[in-house]
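Below is one structure, written out as structure tokens; comments come after it.
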Amino acid sequence: MADSFSAIADDVYAVYYNPAGLSQLKGTQLGGAHTAFIRDVNYEVLGFAYPWGKKEGYSRHVLALGIHYLSVAKVERRSSDSTEAMGTFDSTDASYGLTYAFGFSRSLSAGVTAKALSQRLDTYHSDTFAADVGVLYKVNPDASLPVSLAAVMRNAGTRVSYVSGQS
């Protein structure tokens with residue numbers, strides 16, 4: 001199903017899938033998750049959304065914060081000509097975003113997220129900025145089988161450029 005949720009995003013997790021979906025909130029939401037994968041890989045998500053200017057069936061304005069953090073600990077360091085480990089290092093990817101969504105009507109909404117991205121890999125690091133833009137259109141919001149159309153552009157911004165040195 002991949003990103004099919006972008007057409008029905010209607011909770012705080014719309015911060016990731018489609019920022020326009022936040023206009024469907026009827027109240028303040030806080031959501032988070034921690035996933036521990038194998039081999040010291042962890043993924044954390046935290047989102048907070050505050051809607052105001054509520055209308056019937058949608059919110060006119062929504063402000064949201066989203067944090068996504070992936071970490072991999074204790075990756076074995078090796079040289080190209082050896083099978084022996086030469087110690088370990090850590091790696092992290094993080095995204096810190098601020099989102100604004102606007103509901104034009106029950107059927108049409110748009111949203112934009114400005115985010116700071118940070119990547120760390122051993123002694124290399126990169127920090128950059130990006131934006132997500134989303135639009136959500138509900139063709140028939142009152143139907144028993146509603147149809148929604150969505151368009152989302154993610155991570156539009158500057159390229160990642162690694163530099164060496166401790167951060």
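Just so it is clear, the values below take in all heavy atoms, side chains as well, and ignore hydrogens, waters and symmetry mates. Sequence positions, counted from 1, serve as the residue numbers for this chain.
- In this structure, Val152 and Leu136 have side chains that are not in contact, with every pair of non-hydrogen atoms separated by 4.5 Å or more.
- Nearest heavy-atom pair, Ser59 versus Lys54, reported as atom, atom and distance to 0.1 Å: OG-CG, 3.8 Å.
- When atom types are taken as modelled, the side chain of Ser91 and the backbone of Arg120 share a donor-acceptor pair closer than 3.5 angstrom.
- Taking all atoms of both residues into account, the shortest heavy-atom contact from Ser6 to Ala150 is O-CB, 3.4 Å.
- Taking each heavy atom of Asp90 and Lys74 in turn, the nearest pair found is OD1-N, 3.0 Å.
- Nearest heavy atom pair, residue Pro19 against residue Ala101, reads O-CB, 3.3 Å.
- Through direct or relayed side-chain contacts under 4.5 Å between Ile, Leu, Val, Met, Phe, Trp and Tyr, Leu117 connects to no other residue.
- Each of Val139 and Ile8 belongs to its own hydrophobic cluster when Ile, Leu, Val, Met, Phe, Trp and Tyr are linked at side-chain heavy-atom distances under 4.5 angstrom.
- One finds the CG atom of Asn18 at 10.5 Å from the OG1 atom of Thr99 (value rounded to the nearest 0.5 Å).
- Minimum interatomic distance between Ala7 and Ser148 (heavy atoms only, all atoms of both residues): O-CB, 3.1 Å.
- Tracing side-chain contacts under 4.5 Å through hydrophobic residues (I, L, V, M, F, W, Y), one reaches Val135 starting from Phe104; they form part of the same cluster.
- Shown here is Tyr16, whose OH atom has no more than 12 heavy atoms of other residues, nucleotides or ligands within 6.0 Å.
- Sparse packing is recorded around CZ of Phe129, with 12 or fewer heavy atoms of other residues, nucleotides or ligands lying under 6.0 Å away.
- Taking the six-membered ring for Trp and thresholds of 30 and 60 degrees, Trp52 and Tyr100 have ring planes inclined between 30 and 60 degrees apart.
- Thr128 is not listed as a side-chain neighbour of Gln119, based on a closest heavy-atom distance of 4.5 Å or more.
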Decide yes or no on side-chain contact (heavy atoms from CB on, under 4.5 Å) for Asp132 and Val112, but give the supporting numbers first.
CA-CA 6 Å; Asp132 299 345; Val112 63; over 6 Å; no
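- Arg60 places a side-chain N or O within donor-acceptor distance of the main-chain N or O of Gly103, the cut-off being under 3.5 Å.
- From Leu70, atom CG reaches atom OG1 of Thr92 across 8.5 Å, with rounding to the nearest 0.5 Å.
- Side-chain rings of Phe48 and Tyr50 stay apart, their centers remaining 6.0 Å or farther from each other.
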Enumerate, atom names and distances included, each donor-acceptor pair closer than 3.5 Å involving a side-chain atom of residues 30-43, sequence neighbours excluded.
unit_1, atom_1, unit_2, atom_2, d
His34, ND1, Glu44, OE2, 2.6

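- Atom NZ in Lys26 sits 15.0 Å away from atom NZ in Lys55 (nearest 0.5 Å).
- Annotation: side chain of Phe89 is not in contact with side chain of Thr123 (no heavy-atom distance under 4.5 Å).
- Under the 4.5 Å side-chain heavy-atom criterion for Ile, Leu, Val, Met, Phe, Trp and Tyr, Phe5 and Met153 are members of distinct hydrophobic clusters.
- Rounded to the nearest 0.5 Å, atoms NZ (Lys138) and OG (Ser105) are 10.0 Å apart.
- To the nearest 0.5 Å, the span separating OH on Tyr58 from CZ on Phe102 amounts to 7.5 Å.
- Other members of the hydrophobic cluster containing Leu22, listed by chain and number, are Val15, Leu25, Val62; membership follows side-chain contacts under 4.5 Å among ILVMFWY residues, whether direct or relayed.
- Summarising the geometry of Tyr17 relative to Arg154, their closest heavy-atom pair is O-NH2, 3.1 Å, with the distance given to 0.1 Å.
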